[in-house]
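Here is the structure we will look at, set down as structure tokens.
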Amino acid sequence: MKAGFVSIFGRPNAGKSTLLNALMGEKLAIVSPKVQTTRHRIKGILTEPDYQIILSDTPGIIDPKYKLQEKMMMAVKQALEDSDLALLLVSIQEDWKEVNDMFESLHLSVPAIVVINKIDEANEQKKEEAFRFFTSKSYCREVAAVSALKGKGTNELTGIILKYLPEGEPFFEEDQLTDLSTRFFVGEIIREKIFFLYEEEIPYHSTVLVQEFKEKESLTKIQADIIVQRESQKAIIIGEGGKKIRELGTLARKDIEEFIGRKVFLELLVKVRARWRDNDLYLKEYGYQ
Ligand code: GDP
Ligand code: MG
């Protein structure tokens, strides 16, 4: 069994969304345009008897025409490094040199596959030129050529992805995929609000565990734990008289309601768990190994 996280990176219009859809095919498990997290922005989970590919795209709008802020590139790099494999997507019509500069500036340490897209718009010769151009680059393990739009080359790409995916158990059970992934997203929405509302180290020392997710007649009841490392952080999360955590709850609830399309009763509890970031089981649940 192979299982892992695959991040897709590329300029706007390279064809990321189209490629995601092509890879997912009929097995469109989840596509969430709303949820954006700093760690993984999961767009789809592809589960087969012998593998599970969790596809995300990367944050940040990349336009190498402008001087890229280092911070933005760092965020993109972080997201790519947090995955098992990076797909660097480039349209055959783009300026390859410019795109190559951008890929090089990432200094990736995860394996990267360059995926040349939109080959339906070019002849064989141009395709071969692009192949040669990217094959010689140091960050590039392998080159794949696809037409995401026409669904050409996507099976071959899946085969290449599997070569680089680690052995391991699936992160999401197939028969529980919907429920588990909904829970996962709910946790990510709450985490996103923590990033929005709290400062300094708080977001980095907190995480969220959805403990209860129950569909009742007229609403969905959700209970989530916010895990922090210290008592002082717990006090900050709660705020004076509980004001801050109520604000967090309201913001998160609204987004969750929009995401699942139902009314939500959301209960948040803050728990102190020293060194949660060293807990393997917990980290695995969130896609860190
Ligand atoms: P994203 O911004 O990277 O997510 O790019 P999109 O997936 O939204 O695609 C941008 C545009 O390129 C859309 O008009 C797509 O239809 C088009 N496109 C994507 N893949 C292909 C392809 O393989 N061939 C052609 N001809 N067009 C494509
Ligand atoms: Mg897109």
Side-chain angles (χ1 to χ4, degrees), residues 5-46 53-66 68-69 72-73 75-80 82-83 85-106 108 110 112-135 139-140 142-161 185 188:
F5 286 79
V6 177
S7 284
I8 304 178
F9 173 71
R11 288 163 84 183
N13 277 319
K16 295 182 294 295
S17 305
T18 312
L19 180 65
L20 270 161
N21 289 336
L23 288 172
M24 295 303 297
E26 295 297 304
K27 298 209 64 166
L28 198 66
I30 36 169
V31 170
S32 165
K34 277 230 133 50
V35 182
Q36 311 204 342
T37 72
T38 46
R39 291 173 198 169
H40 296 292
R41 311 199 313 170
I42 296 185
K43 289 300 177 77
I45 302 173
L46 188 54
I53 300 172
I54 302 155
L55 292 157
S56 316
D57 67 358
T58 46
I61 299 152
I62 306 305
D63 190 344
K65 288 205 186 83
Y66 302 100
L68 285 175
Q69 294 293 316
M72 201 163 92
M73 284 309 269
V76 170
K77 182 178 157 66
Q78 188 62 53
L80 288 169
D82 274 349
S83 46
L85 176 68
L87 300 184
L88 307 178
L89 191 62
V90 52
S91 158
I92 195 148
Q93 306 288 25
E94 283 182 274
D95 180 339
W96 306 336
K97 243 183 119 325
E98 229 176 65
V99 175
N100 172 61
D101 289 346
M102 186 172 78
F103 291 166
E104 268 178 351
S105 68
L106 291 168
L108 284 182
V110 289
I113 295 168
V114 173
V115 182
I116 299 164
N117 189 28
K118 309 197 187 181
I119 52 165
D120 56 289
E121 287 187 335
N123 60 22
E124 201 59 30
Q125 190 196 336
K126 188 159 183 190
K127 201 178 101 184
E128 273 162 27
E129 267 171 47
F131 237 93
R132 265 200 307 278
F133 178 83
F134 284 106
T135 302
Y139 54 83
C140 174
E142 218 163 309
V143 181
V146 300
S147 167
L149 193 64
K150 305 256 152 87
K152 273 224 171 77
T154 49
N155 285 342
E156 290 81 353
L157 177 58
T158 305
I160 295 175
I161 290 171
F185 281 125
E188 291 295 271

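Every number for a ligand or one of its atoms is a count from 1 in the order of the listing. Heads up: numbering here begins at 1 and tracks the sequence. Values below: all heavy atoms of this structure, side chains included; hydrogens, waters and symmetry mates excluded.
- Here the closest non-hydrogen pair linking Val90 and Val114 is CG1-CG1, 3.9 Å.
- Applying the side chain to side chain contact (heavy atoms under 4.5 Å, CB included) criterion to Asp120, with sequence neighbours excluded, gives Lys118, Ser147, Lys150.
- Listed by atom number, the atoms of ligand 1 under 4.0 Å from Glu121 heavy atoms are 26 (N).
- Between the Lys16 side chain and the Ile8 main chain, no donor and acceptor come within less than 3.5 Å of each other.
- Remark: ligand 1 and Lys118 share an N or O pair separated by less than 3.5 Å (distance only, no angle test).
- Within the 4.0 Å heavy-atom criterion, the part of Asn117 lying near ligand 1 is the side chain and not the backbone.
- Residue contact annotation: Ala14 has a non-hydrogen atom under 4.0 Å from ligand 1.
- Close contacts of ligand 1 with Asp120, meaning ligand atoms under 4.0 Å from a residue heavy atom, involve 22 (C), 23 (O), 24 (N), 25 (C), 26 (N).
- Within the structure, every pair that satisfies the side chain to side chain donor-acceptor pair (under 3.5 Å) test and touches residues 87-96, not counting sequence neighbours, is listed here: Arg11-Glu94, Gln93-Glu121, Gln93-Lys126.
- With ligand atoms numbered from 1 in the order given, ligand 1 contributes 2 (O) to contacts under 4.0 Å with heavy atoms of Pro12.
- By heavy-atom distance, the residue among Thr18, Leu20, Ile119 lying nearest atom 9 (O) of ligand 1 is Thr18.
- Checked for salt-bridge contact, Arg132 and Glu129 miss the test: no charged N lies under 4.0 Å from a carboxylate O.
- The closest approach between any non-hydrogen atom of Arg11 and ligand 1 is below 4.0 Å.
- Residue Gly15 has at least one heavy-atom neighbour below 4.0 Å for each of these atoms of ligand 1: 1 (P), 3 (O), 5 (O), 6 (P), 7 (O), 9 (O), 19 (C).
- Of the possible polar contacts, none joining the Asn117 side chain to the Leu89 backbone as a donor-acceptor pair under 3.5 Å is found.
- Below 3.5 Å of separation, one finds an N or O of Ala148 facing an N or O of ligand 1.
- Closest non-hydrogen pair, Val143 versus Phe131, comes out as O-CZ, 3.5 Å.
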